[in-house]
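Please read the structure below before turning to the comments.
In this text, all values refer to a predicted model and were calculated from it rather than measured experimentally.
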Amino acid sequence: IAKIENAHIINLNTKQGTITASNGRFKIFAKVGDTLEISSIQYQEKKYLIRRSSFSFEDLVLYLKPKIYLL
């Protein structure tokens with residue numbers, strides 16, 4: 001599993017954003033009901049709805065699918 005560096009994370013409700021570190025980790029303020037949008041040029045964009053279960057003692061792991069470009 002590749003860790004994605006410099007992916008853009010935006011909380012669509014608060015309009016705050018951040019980018020992932022070299023290890024793929026990020027921190028962003030969010031509450032239940034907020035939606036995070038994750039994007040990176042090499043991967044398909046993903047939206048993630050924050051649920052109560054998102055706030056556990058374990059890391060939240062999000063997976064992105066690679067984009068396929070046809071020339």
Side-chain angles (χ1 to χ4, degrees):
I1 299 173
K3 295 178 171 133
I4 303 170
E5 182 177 3
N6 294 323
H8 294 254
I9 316 292
I10 298 173
N11 182 325
L12 296 177
N13 298 76
T14 66
K15 307 298 185 212
Q16 293 179 322
T18 189
I19 59 171
T20 57
S22 61
N23 61 3
R25 293 181 177 263
F26 67 93
K27 291 184 181 183
I28 192 167
F29 290 105
K31 65 183 183 311
V32 174
D34 285 354
T35 300
L36 300 183
E37 181 178 76
I38 302 100
S39 63
S40 179
I41 195 164
Q42 312 94 321
Y43 297 89
Q44 293 178 18
E45 185 177 285
K46 179 178 188 129
K47 291 185 179 168
Y48 179 80
L49 177 65
I50 300 295
R51 298 177 179 85
R52 187 165 296 199
S53 61
S54 303
F55 298 100
S56 68
F57 290 105
E58 298 178 22
D59 288 340
L60 175 63
V61 178
L62 302 173
Y63 297 96
L64 300 179
K65 293 180 182 179
K67 278 186 185 175
I68 298 173
Y69 293 97
L70 299 175
L71 300 176

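Hydrophobic clustering keeps Ile10 apart from Phe26 (ILVMFWY residues linked when any side-chain heavy atoms are closer than 4.5 Å, directly or through intermediates).
Rounded to the nearest 0.5 Å, atoms NZ (Lys67) and CD (Gln44) are 8.0 Å apart. Note that OG1 of Thr18 is 11.0 Å distant from CG of Leu36, once rounded to the nearest 0.5 Å. Of the inter-residue distances, the one linking Leu12 atom CG with Glu37 atom CD reads 5.0 Å to the nearest 0.5 angstrom. Here the OG atom belonging to Ser22 is positioned 9.0 Å from the CG atom belonging to Asn6, to the nearest 0.5 angstrom.
Residue pairs meeting the side-chain hydrogen bond (donor to acceptor under 3.5 Å, both in side chains) criterion with at least one member in residues 48-58, sequence neighbours excluded: Tyr48-Ser54.
One N or O on the side chain of Thr20 and one on the backbone of Ala7 form a donor-acceptor pair closer than 3.5 Å.
Asn13 pairs by the side chain to side chain contact (heavy atoms under 4.5 Å, CB included) definition with Asn11, Asp34, Thr35, not counting sequence neighbours. Listed by chain and residue number, Asp59 satisfy the salt bridge (charged side-chain N to carboxylate O under 4.0 Å, His left out) test with Arg25 (two or more places apart in sequence, or in another chain). Applying the side chain to side chain contact (heavy atoms under 4.5 Å, CB included) criterion to Leu64, with sequence neighbours excluded, gives Ile4, Ile38, Tyr43, Lys46. For Gln16, the side chain to side chain contact (heavy atoms under 4.5 Å, CB included) test picks out Thr14, Phe29, with sequence neighbours left out.
Side-chain atoms of Leu60 and Phe55, non-hydrogen and from C-beta on, never get closer than 4.5 Å to each other.
Side-chain heavy-atom separations under 4.5 angstrom define the hydrophobic clusters, and the remaining members of the one that includes Ile41 are Tyr69.
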